[in-house]
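So the structure is just underneath, and the comments pick up after that.
Per chain, numbering begins at 1; letters A, B, ... match sequence-line order.
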Amino acid sequence: MRVLIVILAVAAALISCEEKTAVPQEWQFDKTIALDGINPIGIALDGNDIFLSDGDHNRVVKVSETGDILIEIDGFERPMHIDFGAANFQITDKVTTSILKERALFVPEYGRDSIAVMRDNKRDYLIINDSLDAPAAISVYENEIAIADFYNNRILYNNGKQWMSIGTEGKELGQLYYPTDVQITEDKIYVADAYNHRGQVFDKTGNGLALIGTNQNMNATTGIFVTKTEVYLTDFENGRILVFDMNYELKQILETSIDKPTDVFVNDKTLYITNYRKGELVKYSLKEITNEKS
Amino acid sequence: MKQITIILSIIVGLLTFTTTYAQTKKDRDQYEIQVDGLGCPFCAYGLEKKFKEFKGIKDIAIDIETGDFSFTYPAKQPLTMETVLAQVVKSGYTPNDSKITRYDGSIETNEKSEEIALQDVTSARLYVNGMCGMCKARIEKVTTAITGVASAVWDVDTKMLSVKYDPNKTSESAIEKAAAQVGHDTKGTRATDEAYDNLHACCKYKRAQ
């Protein structure tokens, strides 16, 4: 009898689990956080700490969930899409050269054609034996780095061993037109191909694999974020975030309270969007779709 | 006595600062350019970056919404209007109305002074394809520049150009042709692929097949 009860309980638990995973979810608007005097371009999280690049004011700030500035790091020249990582790269403070072996904040400086590397209050610069022209974004993944090289219409990518240039100017698959954001994943490189108004996927040898959102009438795709199950694109001029599945099919369009978005970041069941012009951080939450809505 | 000395020191300090500031301003020319194609901060910072190639540039201000771009530059090494406009083009954008106020108060512009005496004004609404505020600025600029056109206002949502013109001096087809020449398809005239390709990336609207 006891065995039967246990079996029944396990079966009930399994059924309940299955039912739970089957409930569809969607992103729902949560709140808008006003950022006093900040015009955010890029966002990166270090744990739950929110860091924003403030291009208009040449600084990177750490803000609280209510938008208060907790830390301010200034002296950048137009900092753009930032990222945290621990890539093993050569850095210099202009006097000494060393190898970076710890987690750091990487800040592409659009106006200085360089990548600043911040650890606590120490600022170094990534050594790159190639000339950048307005780096708009950086992505750090294990020992790999990718930089969106805006005016050169390419992604400068290091696979941990060597640098390579990905993409040429143009509108075909494999070509870019003013890329503004990039993200490396386990086996691919995703690009916000801003003025081709689309996302684009490359393999790690530089071959173009897919275009994302070409039929969505985006206007200036300035930011991209990729999770294991979704690709998020910012549609700057139209004030939207477009969510795609990993077959690059459109899943959801977010519009509420979004105005001139430049970047997006997903942290578990929370999604943050930077509203550049209004100086806001918009928060969405992943919630089950209720019956009333459908 | 001490107080008087302090007050006098402050006055002298302020006078010195004001004089120096005035001299600094006096030694610089003021440049104001209305730029077509600045859609986002990446574009605005890009324009700024390209102009920083002019060593000595200061007081750079860019309004992304309006496209108003201004800066000052040492009067000792003045930039010509042609140089400034060429640099805007080199940066990937299109210069519209531009003004240079030289340190001595003289003003230079790139506008043509033209007075149109319109005899008989008629109205029309023409379809012109485009997609953004920058398209609007371009379409209105090129069509109002036509001799005989009194006004032209383009609506980004309806894609319709409301135009008032003197039929003795121009025609609807001439207005459509002017829009097409800068890359915008109209009902009667399709822009060449070259003109379309020359549009700023922000302005590449979806063309009818």
Nearest-0.5 Å distance, [atom1] of residue [X] to [atom2] of residue [Y]:
X: A:Tyr276; Y: B:Phe42; atom1: OH; atom2: CZ; result: 9.5 Å
X: B:Cys203; Y: A:Tyr195; atom1: SG; atom2: OH; result: 9.5 Å
X: A:Phe150; Y: B:Lys49; atom1: CZ; atom2: NZ; result: 10.5 Å
X: B:Met131; Y: A:His197; atom1: CE; atom2: NE2; result: 5.5 Å
X: B:Cys40; Y: A:Lys260; atom1: SG; atom2: NZ; result: 9.5 Å

Which portion of [X] sits near chain B, non-hydrogen atoms under 4.5 angstrom:
X: A:Asp133; answer: both
X: A:Ala220; answer: neither
X: A:Tyr110; answer: both
X: A:Arg277; answer: side chain

Task: Salt bridge flag under 4.0 Å for residues B:Glu48 and A:Arg78 - done: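 The answer is yes: the pair qualifies as a salt bridge.
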- [ ] Establish, for the pair B:Lys50 and A:Tyr151, whether the NZ or CZ atom is under 6.0 angstrom from the six-membered ring centre and no further than 45 degrees off its axis.
- [x]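 Ring-cation test returns yes.
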Counting heavy atoms not belonging to [X], are there more than 12 under 6.0 Å from its [atom1]?
X: A:Asn215; atom1: CG; answer: yes
X: A:Lys283; atom1: NZ; answer: yes
X: B:Gln77; atom1: CD; answer: yes

TODO: Determine the option with the most heavy-atom pairs under 4.5 angstrom with chain B, choosing from A:Thr262, A:Asp56, A:Asn39.
DONE: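 Top count of heavy-atom pairs under 4.5 Å with chain B: A:Asp56.
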Open item on the list: Heavy-atom cut-off 4.5 Å, strictly under: side chain, backbone, both or neither for B:Ile64 against chain A?
Closed with: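 Only the side chain of B:Ile64 comes within 4.5 Å of chain A.
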TODO: Could you tell me whether the side chain of B:Lys52 reaches within less than 4.5 Å of the side chain of A:Arg112, counting heavy atoms only?
DONE: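 A:Arg112 does not reach B:Lys52 side chain to side chain.
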- [ ] Indicate whether any N or O donor in one side chain lies under 3.5 Å from an N or O acceptor in the other, for A:Asn217 and B:Tyr205.
- [x]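 Looking only at side-chain atoms, B:Tyr205 and A:Asn217 do not form any donor-acceptor pair under 3.5 Å.
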